[in-house]
Structures are given as structure tokens and as C-alpha cells.
Amino acid sequence: MNLFLSIPASGQLLRLCSLLLVFILFAVPVFSQQVPAQPPPGSIAEITAKGAQRRVGSMYIADDDVDVTYGGMRLRADHVEYNDSSSQVIARGHIVFDFESQHLEADEANYNVATGRGTFKKVRGFLKLERRPNPRLLVSRNPLYFEAEEVDRLSEQVYVIKHSWITICDPRQPTWQFYAPRAKITVQHHVAMVNSNFRLFRVPLIWLPYATAPAGEHIRESGFLLPLIGNSNQKGFVIGDAFYWAPRTWFDTTLGFDYFSRRGTAQRAEVRARPFENTSIHYDYFGVIDRGIPQASGPPIKQGGHQQTLEVQSLWHHGWRFVADVNELSSLTFRLAFSDTYGDSINSEIRSSVFLTNNFHGFSFNVAGLSDRSYLELSPQNSVYLRSDPEARFGSVEQAPWQKLPIYFSFDSFAGAVHREDQFLDTPNFVARTEFAPKVTIPVHFRDLFGLTASAAFRTTYYGDSLNTHSVLTGDSITRNTGEFALEFRPATLERFFERPLTHHRYKHTIEPLATYRYVTGVHNFSDFVRFDSNSTLTDTNEIEYGIVQHLYVKSGDAQPVDFLSWRVVQKHYFDPTFGGALVPGQRNVFEALDSITAFAFATTPRNWSPIVSDVKLTPGGRYDAEQILEYDTQLHKLTTIGTLLKLKPYREYFFTVAHFRLQGDPIVQPLTQQIRAMLGYGDFNRKGLNASAGLSYDVNSGTLQNQFVQLGYNGGCCGLAVEYRRINLGTVRNENQFRVSFILANLGSFGNLRRQERIY
């Protein structure tokens with residue numbers, strides 16, 4: 001809902017609000033006369049009555065249950081006087097007027113059936129509204145009820161009502177209503193009220209000099225939104241509002257302002273646009289001007305800053321596609337201190353990408369700019385910034401030039417400039433980098449027994465800068481020429497079917513052994529390469545990866561089979577435990593040969609074996625989802641990784657989610673870390689009836705509840721109430737208790753600042 005609120009403001013904000021109000025009230029014709037829609041040609045007024053009927057000249061007079069129909073309109077009354085020459089109807093007593101979704105009951109009416117214009121007095125009525133389900137809004141199918149001293153019907157779509165109240169609650173006992181001396185209703189569009197006030201249980205609460213509310217589907221009205229109100233022990237009393245502006249059907253923007261009584265002010269902005277059918281633009285901004293946390297001695301600790309996001313997607317002619325996902329954060333401290341949710345607060349990575357791509361005839365061409373900033377420490381602030389901008393890539397999928405020979409050729413190439421910045425290293429802004437990697441693949445199948453796929457590649461890579469033995473930039477270029485060979489062995493898949501005729505279920509169990517041998521040579525100076533990205537982590541290796549993947553598929557009737565249960569167990573054996581001398585004992589080593597099997601670093605000493613990785617998934621995407629990840633390190637003789645994710649939704653409205661991760665490898669690369677996150681609930685924020693949810697995030701090592709929340713709400717047919725308590729504990733940066741409340745108006749919006757339930761991973 002859009003409101004012009006009577007709230008105190010100062011300085012430029014007050015002048016801006018005043019100018020906006022003057023513009024809307026005077027520059028926009030709120031109650032302008034509209035040309036009435038004409039009835040279908042040839043329409044004839046038909047009048048029936050149970051009582052006396054007589055004609056006096058052009059006047060037709062009827063009493064007792066008079067019924068007038070004309071071009072889809074129907075008017076009933078105790079007494080009717082109809083003028084043939086002017087098509088004017090004068091009616092009195094128990095008047096009932098119906099036209100499409102419009103219904104009026106009145107004591108008196110003066111109505112012209114030909115033009116559709118008329119005046120009704122002592123009116124009670126409703127308009128049926130069409131609303132589709134909306135996950136962000138409590139939606140009610142109740143009509144828009146109103147009572148008024150007088151109603152002027154200007155056309156089939158426009159009503160001006162005077163001295164009226166409006167609601168979508170039960171008109172006999174309305175929970176809330178708007179009272180307005182003058183309002184305009186545009187059917188299936190909006191309701192505009194001047195000098196109105198909002199009443200809860202008939203008690204006036206808020207005066208609104210001008211307010212609009214949607215009265216139809218997909219309707220957007222410019223104006224102030226419902227205010228946000230809350231409380232926090234860190235921010236103090238929180239109050240805010242936003243202005244929504246929709247000058248075009250393809251463009252809108254929201255500008256918001258929040259006041260924190262203890263900290264300062266916050267600014268929000270959101271811009272959405274779809275200027276063309278295949279182009280969308282979305283921009284978000286959030287910033288805080290922080291007065292700081294007072295200290296007993298010394299200046300206050302300020303944690304203000306800003307973050308912003310720009311997302312653009314556009315499909316061009318001839319297969320070109322442009323995408324931009326640009327993110328910017330002033331500091332991790334700001335995100336930790338002011339993010340609305342715990343999940344947003346602990347995100348320590350800022351990634352941006354802009355690219356233009358086209359795929360044609362098996363080839364791919366891309367021009368991109370990529371950046372990644374990862375925050376490692378908070379105080380002193382330490383981060384790693386990586387950038388590849390600009391970069392052009394050209395490659396080909398595997399293609400066979402000879403139809404009768406199973407020989408496939410492909411290639412990948414790129415050229416661009418890279419940059420790295422951290423506490424130990426700051427490269428030039430543009431370090432040249434190029435690569436060309438042709439590849440040949442030969443698959444061979446021995447009937448249904450097994451298959452072999454051999455591939456060989458030559459990769460030449462050039463870097464415009466390098467490191468010396470003391471990890472200092474030299475300014476000298478470096479080239480890497482590698483030969484790579486891989487042989488994939490795929491035995492025949494073992495499978496067995498099971499029938500369950502009584503339940504109409506069919507099961508299929510498959511066992512797929514796999515083994516892949518890889519050999520890479522030519523990386524003789526690994527320590528000289530600057531770690532710009534994963535491309536710089538290529539090392540010599542001589543390894544074999546082997547494992548088993550099992551699936552249990554379930555097919556019910558004629559439905560598509562479902563991967564009900566899968567279990568993947570893999571491990572690598574390294575014939576070269578030092579990876580051509582690239583592995584440095586006593587420190588954390590991250591290579592492509594290591595992290596291709598697990599995301600968790602494990603190598604601090606020469607190794608012949610990787611951890612055994614077990615990944616079990618149960619019905620991904622179903623009512624019961626579960627995943628269990630286990631990693632057993634044969635060199636340390638212990639489980640180094642335990643990860644569990646469980647999602648349950650046994651019934652439509654119930655849900656339960658829990659995630660547990662325990663990491664304990666070599667202390668050099670992975671100190672003991674163990675966290676649990678859980679959430680359970682019933683219903684949803686905008687579901688009718690009782691809704692409840694609760695969640696927590698617990699650090700087992702420190703014994704700290706990092707996040708906890710409890711949310712309760714009840715939604716009726718026209719409104720609802722929700723309350724929430726949330727605590728976020730992020731050490732010295734933030735230890736905040738939040739109290740939030742929202743009063744929800746169906747089809748309109750909500751007073752308050754309650755957010756929807758969080759997601760876990």
C-alpha cells in the first residue's frame with residue numbers, strides 16, 4: 001500500500017516530501033472526470049414490477065419490486081421513475097444495483113442507464129477483486145467493502161465516494177478500516193483517498209493526507225509504503241519508510257530511509273527495470289551512516305558502510321547473451337554489524353562477473369571481467385582480491401572431423417589480464433596471461449563389457465610476471481608447457497530390477513565402477529607462479545582415481561523414475577607424492593590434483609593417498625531430503641570431515657531442517673570446527689491461520705549460540721499479526737537482540753519490519 005504519512009521531517013527531507021505531496025495532489029487529477037463507456041448499440045431498458053405501473057408522457061412510473069435491466073446493468077428498487085427521452089432513472093427504497101463485479105445497496109438513486117453515470121445516497125456496497133496467490137503478500141478473496149453517505153458513479157470503472165469507510169474485513173465487525181471524506185475507486189485498478197485515517201477496531205491510529213491502495217491484479221501505484229517499526233538493543237528504536245515510484249509499466253524504484261535511535265541512519269534503494277522483452281535490470285543499495293558504539297574512553301567505534309548489487313541479463317540477436325552480476329562491499333565489519341539475517345552476515349566473499357557470450361556450431365566465444373574478494377581476518381582486516389579483467393575465451397566442444405572414425409578434437413584458449421592483492425603481494429594492475437590447449441579424445445567400446453576413453457592435451461600458458469625463491473615479484477615473464485594424458489575405464493554397469501505389483505512401484509539398482517588415470521608433466525617451476533586462480537594450481541601429477549557409484553531408482557506407474565538413493569565412494573592414489581616438487585611440507589598445499597576430489601584441504605606432507613570420500617544422497621528434491629558426507633584420511637587414520645544435511649516436510653505445512661558439519665584434519669590446514677544449524681516450523685509468513693517457526697546456529701567448540709530466532713503469527717481473512725525475537729552473536733562485532741512485529745493487511749502490505757523465514761544452505 002502507498003501512503004503519504006503525517007510524520008515529522010526536517011530539512012531537505014521535509015521539502016522533498018512537501019513537493020511530492022503538492023505534485024500528486026495538484027499536478028495529478030485525482031478525481032478527474034472520465035468519459036463514460038457507452039452500452040452496446042441497440043440496448044433497450046426493460047422494466048418489470050409487481051405493483052402499479054403507469055405512464056405520464058415520456059415518464060414511466062412503477063412500484064413494488066421494480067426491476068430495470070439495461071446492457072448488463074440491473075437496478076432493483078421499491079419505486080422507479082424512468083424517462084424514455086433522457087434514459088434517466090430516479091429510484092427510492094431498497095435499491096440494489098449490480099454490474100459485473102460491482103454491487104451497491106442504497107436508499108436513493110439518480111442514474112442514467114445510457115451513460116452509466118449516476119448518484120446513490122446512503123450506500124453500502126462491495127467490489128469483487130481478482131487476486132492471485134502471492135508469496136510476499138497475505139492475499140484475501142474478500143471483496144472491497146465500503147459504506148458512504150453518497151456515491152457518484154462516473155463510468156463503468158470509476159466511483160467517487162464521500163464520507164465513507166473502506167475495508168476488506170467482515171463489514172459487520174471490521175478489524176480494520178479506512179475512513180475518508182472523499183475517495184475514488186477505479187475498478188480493478190486502485191483506491192485513492194484524501195485526508196483519510198486508518199482505524200483499528202474503529203479506533204483512529206494514523207492520519208493520511210493522501211493514500212492509494214491496489215484494487216486489482218498487477219497494479220502498481222507510486223507513493224510512500226507502509227512504515228517499518230522495530231527495536232534492537234544495538235540499534236535502539238527503529239523506524240523507517242520508503243517511497244515507491246512506478247512511472248512506467250517496465251520500470252519502478254524504491255527509496256527507503258531508516259532511523260536507528262542509537263546508531264544513526266540507513267538508506268536503501270532498489271531499482272527494477274525491463275526495458276525490453278529479453279532484458280532485465282535489478283539494482284540494490286544498502287548503507288548506514290553510523291554514529292558508532294560509545295566507549296568508556298576514546299572515540300566511538302564506527303561500523304558504517306554500504307553494499308550494492310547490480311544484476312543485468314539480456315538476450316541479443318544471433319545468440320549473443322550479456323550478463324552482469326556486480327557486487328560491492330565497503331567492509332566485512334559493516335556486513336557483520338548491519339545485515340538483516342545471520343546467513344547474510346557471515347558471508348565473507350564478494351564476487352562479481354560481467355560477460356558476453358555466444359555459442360555457435362560447437363564453438364564458444366566469451367568476453368568477461370571477473371573479480372573475487374575473500375575476507376580472511378577482521379582485525380586487522382585482511383583479504384585476498386583476485387581479478388581477471390578483461391579476458392577473452394574461445395573454445396570448441398569435442399567434434400569428429402571424420403564420421404567413421406571415433407576421434408574427437410577440441411581446444412580451449414584465452415587471453416587477458418589478471419591481478420592479485422593481499423597482505424603479502426600486490427601485483428601490477430594488468431598482468432598479461434594467455435593460454436592455448438588443444439585436445440584429442442578417442443573413446444573405444446568393447447561391446448557391452450567395458451569402455452575406454454583416452455584423451456591427450458598440450459597446454460601452453462604465458463604469464464607476464466612471476467615470483468622468485470623469496471615469493472617476491474620479479475617482473476619477468478614465465479611460460480608453462482605441459483603434456484596431459486587421461487585414460488578413463490568404465491566397466492559395464494551392473495543393474496537389477498525389483499517389482500512390487502501391489503504398490504505399482506518398480507525399483508532399479510545400479511552399480512557403476514569407475515577408474516581414471518591422469519598424468520601431467522611439464523610444470524617444473526610451480527612456486528614461481530602467482531596464484532591468480534585455479535589455472536595457476538596445475539602441477540605435475542601421476543595419479544589414479546577409482547570408486548563406485550550406486551543408484552536406486554524408483555518408478556511409480558507411468559511417472560518418470562526418481563533417483564531415490566545414491567552413494568558415491570571415491571579415492572585417489574598418487575604415484576608421485578610430491579607432485580613434481582610442488583608440495584611444500586609443513587604448510588597448507590592446495591593443488592588442482594588435490595581439490596578435484598574434495599573441497600577441504602588435506603595435504604601438509606608428501607602423500608600417496610587422498611582421503612576416502614563417501615557421499616550419500618536420499619531423494620534430492622523430495623519430501624525427505626538427506627545428504628551425508630564422510631571423509632576418512634588413511635594417513636591420519638581418522639574421520640576428517642562429517643557433514644549432514646536433513647530436510648523433512650512430512651506434511652504440506654510442516655518443515656524441519658538441520659545441518660551439521662565437523663571438520664578436523666591436520667591442525668595446520670584445518671583446526672577443529674563444528675557447527676550445527678537447525679530450523680523447524682509450521683506454515684508460512686503469509687499463510688492464513690497459525691504460523692510458527694524457530695531456529696538456531698550453535699558453535700560446538702566455543703559453546704556459543706551464534707543465532708537464534710522465534711517467530712509466531714496468526715493471519716485471518718483480512719489481516720494478521722506476527723512477532724519475532726532474534727539474537728545474533730558475532731563476538732565483539734555484534735551481540736544484538738532484535739524484537740520485530742508486523743501488522744499485516746491483506747492485499748495491501750504490513751506495518752513492521754518482520755522478515756520471512758531464513759533458509760539453511
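Every value quoted in this text rests on a predicted model; they were computed, and no experiment measured them.
Between the side chains of Trp207 and Asn195, at least one donor N or O sits under 3.5 Å from an acceptor N or O. In this structure, a donor-acceptor pair under 3.5 Å is present between the side chains of Arg687 and Tyr682. In the model, Asp252 has a side-chain atom that pairs as donor or acceptor with a side-chain atom of Tyr244 under 3.5 Å.
With sequence neighbours excluded, the residues satisfying side-chain hydrogen bond (donor to acceptor under 3.5 Å, both in side chains) with Glu105 are His103. Annotation: ring-ring contact (aromatic ring centres under 6.0 Å, His included) contacts of Phe97 (sequence neighbours excluded): Tyr111, Phe120.
A side-chain donor-acceptor contact under 3.5 Å links Thr253 to the backbone of Glu270. At distances below 3.5 Å, at least one donor-acceptor pair connects side-chain atoms of Gln102 with backbone N or O atoms of Glu156. A donor-acceptor pair under 3.5 Å is absent between the side-chain atoms of Thr657 and the main chain of Ala678, judged by distance alone. Looking only at distances, no side-chain donor or acceptor of Asn278 sits under 3.5 Å from a matching main-chain atom of Phe276. In this structure a side-chain-to-backbone donor-acceptor pair under 3.5 Å is missing from Lys649 to Glu653. Side chain of Ser742 to backbone of Ile744: no donor-acceptor contact under 3.5 angstrom is found. The main-chain N or O of Thr48 is never found under 3.5 Å from a side-chain atom of Gln53 such that the two would form a donor-acceptor pair. The backbone N or O of Asn142 sits less than 3.5 Å from a side-chain atom of Ser140, completing a donor-acceptor pair. For the pair Asn112 (side chain) and Ser86 (backbone), a donor-acceptor distance under 3.5 Å is present. With hydrogens and angles ignored, the 3.5 Å screen pairs a side-chain donor or acceptor of Thr167 with a backbone N or O of Trp176.
None of Glu311, Gln313, His282 except one satisfies the side chain to side chain contact (heavy atoms under 4.5 Å, CB included) rule with Asp325; the exception is Glu311. Among the candidates Thr279, Leu315, Val312, the single residue satisfying the side chain to side chain contact (heavy atoms under 4.5 Å, CB included) test with Phe322 is Val312. The side chain to side chain contact (heavy atoms under 4.5 Å, CB included) test with Tyr159 is passed by exactly one of Leu104, Leu154, Asp152: Leu104.
The two residues Leu208 and Ala211 make their nearest non-hydrogen contact at CD1-CB, 4.0 Å. Asp241 approaches Asp258 most closely through the heavy-atom pair N-OD1, 4.2 Å. Contact detail for Phe709 and Ser693: the closest heavy-atom pair is CE1-OG, 3.8 Å. Contact detail for Gly720 and Leu138: the closest heavy-atom pair is N-CD2, 4.3 Å. Listed here is the closest heavy atom pair of Phe655 and Gly683: CE2-O, 3.6 Å. Nearest heavy-atom pair across Ile161 and Ala148 is CB-CB, 4.1 Å.
With a 4.5 Å cut-off on side-chain heavy atoms, Met193 and Thr212 do not count as touching. Contact check for Leu721 versus Tyr714: no side-chain heavy atoms found under the 4.5 Å cut-off. At least one side-chain heavy atom of Gln177 sits under 4.5 Å from a side-chain heavy atom of Arg202. Contact annotation: the side chain of Asn715 approaches that of Asn691 to within less than 4.5 Å [non-hydrogen atoms, C-beta and beyond]. The side-chain heavy atoms of Ile185 and Val158, taken from C-beta on, include no pair separated by under 4.5 Å. Considering only heavy atoms from C-beta on, Leu255 stays 4.5 Å or farther from Trp245 through its side chain. Under the 4.5 Å side-chain criterion, counting only non-hydrogen atoms from C-beta, Ile47 is in contact with Tyr82. No side-chain heavy atom of Ile281 sits less than 4.5 Å from a side-chain heavy atom of Phe251.
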Lys50/Asp65 under salt bridge (charged side-chain N to carboxylate O under 4.0 Å, His left out): CA gap, chis, key distance, verdict: CA-CA 6 Å; Lys50 291 184 179 180; Asp65 199 8; 3.5 Å; yes

Check against side-chain contact (heavy atoms from CB on, under 4.5 Å), Cys719 and Phe743: CA-CA 7 Å; Cys719 60; Phe743 180 66; 4.0 Å; yes

For a salt bridge (charged side-chain N to carboxylate O under 4.0 Å, His left out) check, start with the C-alpha distance between Glu81 and Arg92, then their side-chain angles and the critical distance, and finish with the verdict. CA-CA 9 Å; Glu81 299 176 6; Arg92 291 188 293 270; 3.6 Å; yes

Determine, step by step, whether Asp98 and Arg74 satisfy the salt bridge (charged side-chain N to carboxylate O under 4.0 Å, His left out) criterion, reporting the C-alpha distance in whole Å, the side-chain angles of both residues, the deciding distance to 0.1 Å, and the verdict. CA-CA 5 Å; Asp98 289 289; Arg74 185 182 184 188; over 6 Å; no

CA sep, side-chain torsions, deciding dist, call: Thr175, Leu200, side-chain contact (heavy atoms from CB on, under 4.5 Å): CA-CA 6 Å; Thr175 305; Leu200 183 62; 4.1 Å; yes

If you apply the rule salt bridge (charged side-chain N to carboxylate O under 4.0 Å, His left out), what do you find for Asp340 with Arg268, and how did you get there? CA-CA 13 Å; Asp340 289 329; Arg268 302 178 186 269; 3.8 Å; yes

Let's go through Val187 and Ser101 carefully: what are the C-alpha distance in whole Å and the side-chain angles of both, what is the deciding distance for side-chain contact (heavy atoms from CB on, under 4.5 Å) to 0.1 Å, and is it a yes or a no? CA-CA 9 Å; Val187 179; Ser101 61; 4.3 Å; yes

Show your reasoning for whether side-chain contact (heavy atoms from CB on, under 4.5 Å) applies to Val238 and Asn231. CA-CA 5 Å; Val238 179; Asn231 189 61; over 6 Å; no

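Aromatic ring pairs are classed by plane angle as parallel below 30°, tilted from 30° to 60° and perpendicular above 60°; the pair Phe126 and Tyr145 is perpendicular. Between Tyr651 and Tyr654, the angle of the ring planes goes over 60°, which puts this pair in the perpendicular group of the 30/60° scheme.
Within a 6.0 Å radius of CZ in Phe237, more than 12 heavy atoms belonging to other residues, nucleotides or ligands are found. For NZ of Lys121, the number of neighbouring non-hydrogen atoms (other residues, nucleotides, ligands) closer than 6.0 Å is 12 at most. Environment of NE2 in His94: sparse, with no more than 12 heavy atoms of neighbouring residues, nucleotides or ligands closer than 6.0 Å.
Here the CD1-NE2 distance, from Ile90 to His79, works out to 8.0 Å after rounding to the nearest 0.5 Å. Atom CZ of residue Phe286 and atom CZ of residue Phe338 lie 7.0 Å apart, to the nearest 0.5 angstrom. With rounding to the nearest 0.5 angstrom, the CZ atom of Phe178 is 6.5 Å from the OG atom of Ser196.
Cation-pi geometry between Arg153 and Phe99 is met: under 6.0 angstrom from the ring centre, within 45 degrees of the axis. Annotation: cation-pi pair Arg199/Tyr179 present, NZ/CZ under 6.0 Å from the ring centroid and within 45° of its normal. Cation-pi geometry between Arg55 and Tyr60 is not met: the NZ or CZ atom fails to fall both under 6.0 Å from the ring centre and inside 45° of the normal.
Between Cys169 and Cys718, the two SG sulfurs come within 2.5 Å of each other, short of that mark.
The pair Lys162-Glu150 counts as a salt bridge, with a side-chain nitrogen and a carboxylate oxygen less than 4.0 angstrom apart.
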